[in-house]
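The structure appears below as structure tokens.
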Amino acid sequence: MSVTREGGWYPLMLSADLETGTVAGSAVPGRDLAVWRDGQGRAHVWDDRCPHRGMRLSLGFVREGALACLYHGWRFGAEGRCVHIPAHPDLAPPGTIRTVPLPVAERHGLVWASVGAAGVQPEGDPAMEAAAWLPVRSVRIEAPWRDVARAVGMPEGRRAAVLDRDVDGRVLAALLPVGAGACMLHLLAAAPAGVERLHDLADWGRDVRSRAEERAGRACLAGIVA
Amino acid sequence: MSDLVLHDDDLDEDCYRARLFLSLLGLEARRVAVDVVPGGEQDGPAFRAVSPAGMLPVLRIDGQKVCGAGAVLLALAHGRPEWLPGERADFARVAHWLHFAGGPLRATLLMRRACLFGGAGDAPSARRRAAVGALRIMEDHLAQRRLEGGTWFVGEGATVADVALFPAAALCRDWGEEYSAYPALRRWVRAVRALPGFVGMPGIPDYG
Ligand code: FES
């Protein structure tokens with residue numbers, strides 16, 4: 001009955017949370033990612049592993065259109081190729097020193113990355129296309145993403161959808177699984193939406209979090225008792 | 001405000017609160033190092049004569065000794081309305097967050113100390129829950145602030161509340177919390193880093 005779909009497009013974060021010239025950590029199941037935005041505003045998603053010695057690129061910083069590793073300062077340009085090695089400033093780094101970018105898309109106010117073969121764009125539907133989306137917030141929830149998906153009324157097998165809720169205006173919810181028992185819930189409101197409305201949705205996100213974590217906690221307890 | 005003296009430990013995040021604020025204010029203090037790990041000097045008679053409860057940091061200011069990060073920050077903020085608003089509602093908000101920094105947020109400091117120096121605390125313990133809970137309170141507040149266009153904990157600019165709260169967020173990776181779970185905190189940490197006069201500490205590199 002339920003569609004188990006690993007792979008495909010994952011909603012990593014709100015576009016608004018990835019400022020120009022910054023890098024952030026993220027993950028898809030089994031894979032840590034570094035997500036960064038260059039000076040032109042383009043988002044890039046790579047494995048969170050420096051090709052030099054494997055340190056985490058998400059701890060680095062963006063300089064001159066490249067992502068610099070914090071450890072020895074090697075820099076990697078938008079295509080993932082090493083463009084600068086501080087210890088050998090005159091050396092043109094060989095093209096073999098590189099990381100392989102993941103396919104990225106920015107749609108509906110979210111940064112998406114694709115793992116494995118999938119379409120050239122993340123899943124969409126007429127409801128998502130029908131509005132411009134304003135960022136509300138992302139909420140970290142210590143509960144399995146499928147439980148949260150069920151709780152918010154996400155259609156089976158989807159990671160993002162416009163929710164049918166009994167409040168004014170439409171809500172775009174997107175879920176990113178993080179590890180086995182946690183997820184990020186990204187919330188956006190259909191424009192136009194006033195500050196009150198945004199606050200209401202942020203409050204709702206907190207409610208979803210506390211209810212989901214309470215259920216997850218209970219499930220644990222029941223398991224111990226059984 | 002002549003002859004500021006700071007009794008200080010490089011690795012201590014409470015001392016860092018004081019150093020960071022001094023630097024943001026453009027003030028110089030003569031530093032007297034207190035060797036906490038491994039020296040344990042904060043419990044020795046010489047330091048107890050300076051700080052009876054062994055609390056760090058200690059600031060000598062206008063001939064007074066002020067002990068503890070919260071008190072030091074307040075003493076330095078006094079008479080600077082941009083850092084400590086005089087208007088009652090905003091003053092109350094800053095007081096709220098200063099108290100939070102000296103209360104529930106201590107859980108993050110204890111968690112970090114346990115991980116760095118005690119080799120304990122990695123389990124899903126009560127201590128970890130308290131520490132995560134404190135970070136979440138900050139995250140939730142900043143997420144709400146952003147919806148009305150606010151960057152800082154209180155008002156339109158950085159206040160002493162931001163200084164008091166900053167190290168806990170900036171050092172949370174030391175005890176295993178990642179910014180990916182706290183996007184609003186991450187944005188705010190960047191904003192604090194960009195303040196003129198910002199300085200880091202071991203564990204908080206001060207690259208832009
Ligand atoms: S590990 Fe990244 S530059 Fe050395």
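These figures come from a predicted structure and were not determined experimentally. A note on names: the letters A, B, ... follow the listed sequences, proteins ahead of strands, and every chain is numbered from 1.
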If you apply the rule ring pair (Phe, Tyr, Trp, His ring centres under 6.0 Å), what do you find for B/Phe198 with B/Phe166, and how did you get there? CA-CA 11 Å; B/Phe198 177 84; B/Phe166 176 75; 5.5 Å; yes
Give, as side chain, backbone, both or neither, the part of A/Ala182 having an atom under 4.5 angstrom from any heavy atom of chain B.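 For A/Ala182, neither part sits under 4.5 Å from chain B.
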With only heavy atoms counted, which part of A/Leu176 is less than 4.5 Å from chain B, the side chain, the backbone, both or neither? neither
Both conditions, 6.0 Å and 45 degrees, for the charged tip of A/Arg159 above the ring of A/Tyr10: are they met here?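 Yes.
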Taking side chain as everything from C-beta outward and backbone as N, CA, C, O, which of these in B/Glu178 sits under 4.5 Å from a heavy atom of chain A? Side chain, backbone, both or neither.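 Contact with chain A is through the side chain of B/Glu178 alone.
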Would you please classify the geometry between the B/Trp97 ring and the B/His141 ring as parallel, tilted or perpendicular, with 30° and 60° separating the classes? tilted
Contact leader toward chain B among A/Met184, A/Glu19, A/His199, A/Glu142, where contacts are heavy-atom pairs under 4.5 Å: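 Among A/Met184, A/Glu19, A/His199, A/Glu142, the one with the most close pairs to chain B is A/His199.
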Among A/Leu12, A/Val23, A/Leu18, residue most engaged with chain B (heavy-atom pairs, under 4.5 Å): A/Val23
Ignoring hydrogens, what is the shortest heavy-atom contact between B/Leu98 and B/Ala164? Give both atom names and the distance.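 Where B/Leu98 meets B/Ala164 most closely, the heavy atoms are CD2-CB, 3.6 Å.
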Does one side chain, of B/Thr159 or B/Arg93, offer a donor that lies under 3.5 Å from an acceptor on the other?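 Per modelled atom types, B/Thr159 and B/Arg93 side chains form no pair under 3.5 Å.
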